[in-house]
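Atom set for the values below is all heavy atoms of this structure, side chains included, hydrogens, waters and symmetry mates excluded. Letters go in sequence order (proteins before strands), and every chain restarts at 1.
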Amino acid sequence: MFCSIYKWYISRALDSGKSLPGSVRRHIRRCASCREFAQFTESLENRFVEDMPGFLDDYNKALNEKIISALDKHPGPKSAPKRRPALVPVLAAASALLVISICIVWLVLPSSNKITPLNQLSQLGISKISFENMLVKIDSPYEEELTELKQTLKSTADFLLSRVDIKIGEREEKSPKVPHT
Amino acid sequence: MTAIQLSDEELASKATAGSQTSFEELVYRYSPRLFHFLRHKVNTDQDIEDLIQETFLKAFRNIDRYDPDWKFSTWLYTIAVRLSISDYRSKKAKDPSFVPIPTSPEPEEIVIQKEESQNIWILARTLKKEQYEALWLRYAEDMSIKEIAKVMKKTQIYTRVLLHRARLNLAKRFSQPACVF
């Protein structure tokens, strides 16, 4: 009644390479059909291997020469062998280390380092209004850089414009009109 | 060490480095095997030969893509199966009435084949297409379930079921009496 299940177990054991469960072995001892199937499937491997050479003889060997001559006509491998660099796991490990080290530094840092600049000012006894007055008086530290940047951009634009003019002139010189005779 | 003594994978890596002789040895080893594997998939011997030639040409052109983590046979059979599928699709697109060869033979044919030969492969060829292919990859190519599933584009459990059914049917055909009347 359960023979089909036992036969499935027999087949599965063959593919997985594991030994048969005890219940299946006990059933095989009692059931002639399953015993025959188990013996047959066990013998299959040898039978297939033994009968292979005779079976392979039924083949047109001229095909090999045909394939090899076709290989000569066709280009070989497209490119040199490419091995995928094993960078992905290395990068993942590096980023994980970085995150962990940042977390450690953050945890280890003393709480005094977390004081904001405004708190420090209040500690020094400087009021907010007087601090704002001081800021107005001080020139922006980026003022000079901004002016320099503007000048550089202007000179670059002038240079590029002059280059464009020269190229147009050269093209005109390279293709002179030939008068018809 | 001569090419004959080298394993398939060693020959493939030599072919990747540019040795056409190594690839030719692989052609000699695998063309009869591919012939018997593809017999079920195409109608005529000419179609099989074309398909084998195309398989080897594709493998040769893309040998640099071969991953040595897999067996060479798995890679080659995967190419062959894919090409046979696209060949079938293109034929079906050209001629909607195109029908592949019958997969299961008539009972009379089975009896004749059984009487004519005791070769188990000839009997296996009378099984359904997928069952024969699974048996071929398992016993002729010594592939694992995982590799067979990869080549046949099936799940591992389906591959196990296919093999089990193939063994059951083969066992039935062996014990079938010669007279069917």
Go through the atoms of [X] and report whether side chain, backbone, both or neither lie under 4.5 Å from a heavy atom of chain A.
X	answer
B/Phe35	side chain
B/Ala59	neither
B/Gln53	both
B/Arg138	side chain
B/Leu170	both

inquiry  = Please verify the inter-ring angle class for B/Trp136 with A/Phe55; under 30° counts as parallel, over 60° as perpendicular, anything in between as tilted.
reply    =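 Tilted.
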request  = Start with the C-alpha distance between A/Leu71 and B/Val27, add both sets of side-chain angles, then the distance that settles side-chain contact (heavy atoms from CB on, under 4.5 Å), and finish with yes or no.
outcome  = CA-CA 10 Å; A/Leu71 288 179; B/Val27 171; 4.1 Å; yes
So, for [X] and [Y], which heavy atoms are closest and what is the spacing to 0.1 Å?
X	Y	value
B/Ile120	A/Arg47	CG2-O, 3.8 Å
B/His164	A/Ser11	ND1-CB, 3.1 Å
A/Ile67	B/Ser31	CD1-CB, 4.2 Å

inquiry  = Could you see if A/Phe2 belongs to whatever hydrophobic cluster contains A/Leu20? Use Ile, Leu, Val, Met, Phe, Trp, Tyr and a side-chain cutoff under 4.5 Å.
reply    =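 Yes, A/Phe2 connects to A/Leu20 through the hydrophobic network.
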ask   = Honestly curious: do A/Phe37 and A/Ile5 fall in one hydrophobic cluster under the side-chain, below-4.5 Å linking rule?
value =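 Yes; A/Ile5 is reachable from A/Phe37 via cluster members.
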key: NZ/B/Lys146: more than 12 non-hydrogen atoms of other groups inside 6.0 Å   =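 Atom NZ in B/Lys146 is not packed in, count stays at 12 or less.
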message = Tell me whether A/Tyr9 at atom OH has more than 12 heavy atoms from other residues, nucleotides or ligands lying less than 6.0 Å away.
response =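 Counting neighbours around OH of A/Tyr9, 12 or fewer heavy atoms of other residues, nucleotides or ligands fall under 6.0 Å, so no.
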Heavy-atom contact with chain B under 4.5 Å, split by part of [X]:
X	answer
A/Gln39	neither
A/Leu63	side chain
A/Phe48	both

ask   = Do you know which of B/Leu57, B/Val161, B/Asp142 has the most heavy-atom pairs with chain A at a distance under 4.5 angstrom?
value =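 Highest number of pairs under 4.5 Å: B/Leu57.
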query = Is the backbone N or O of B/Trp121 less than 3.5 Å from a side-chain atom of A/Asp51, with the two atoms forming a donor-acceptor pair by type?
reply =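 Looks like no, no N/O pair under 3.5 Å.
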Side chains of B/Leu163 and A/Leu14 in contact at under 4.5 Å (non-hydrogen atoms) =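 SC-SC contact between B/Leu163 and A/Leu14 ruled out.
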ask   = So which of A/Glu36, A/Glu45, A/Arg12, A/Glu50 has the biggest tally of heavy-atom pairs under 4.5 Å with chain B?
value =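 Ranked by contacts with chain B, first place is A/Glu45.
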inquiry  = Using a 4.5 angstrom heavy-atom cutoff, name the option from A/Val49, A/Asp57, A/Ile10, A/Asp72 with the most pairs to chain B.
reply    =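 Maximum pair count with chain B is reached by A/Asp72.
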message = Using side-chain hydrogen bond (donor to acceptor under 3.5 Å, both in side chains), reason through A/Thr41 and B/Arg167 one step at a time and then give a plain yes or no.
response = CA-CA 7 Å; A/Thr41 49; B/Arg167 285 176 188 131; over 6 Å; no
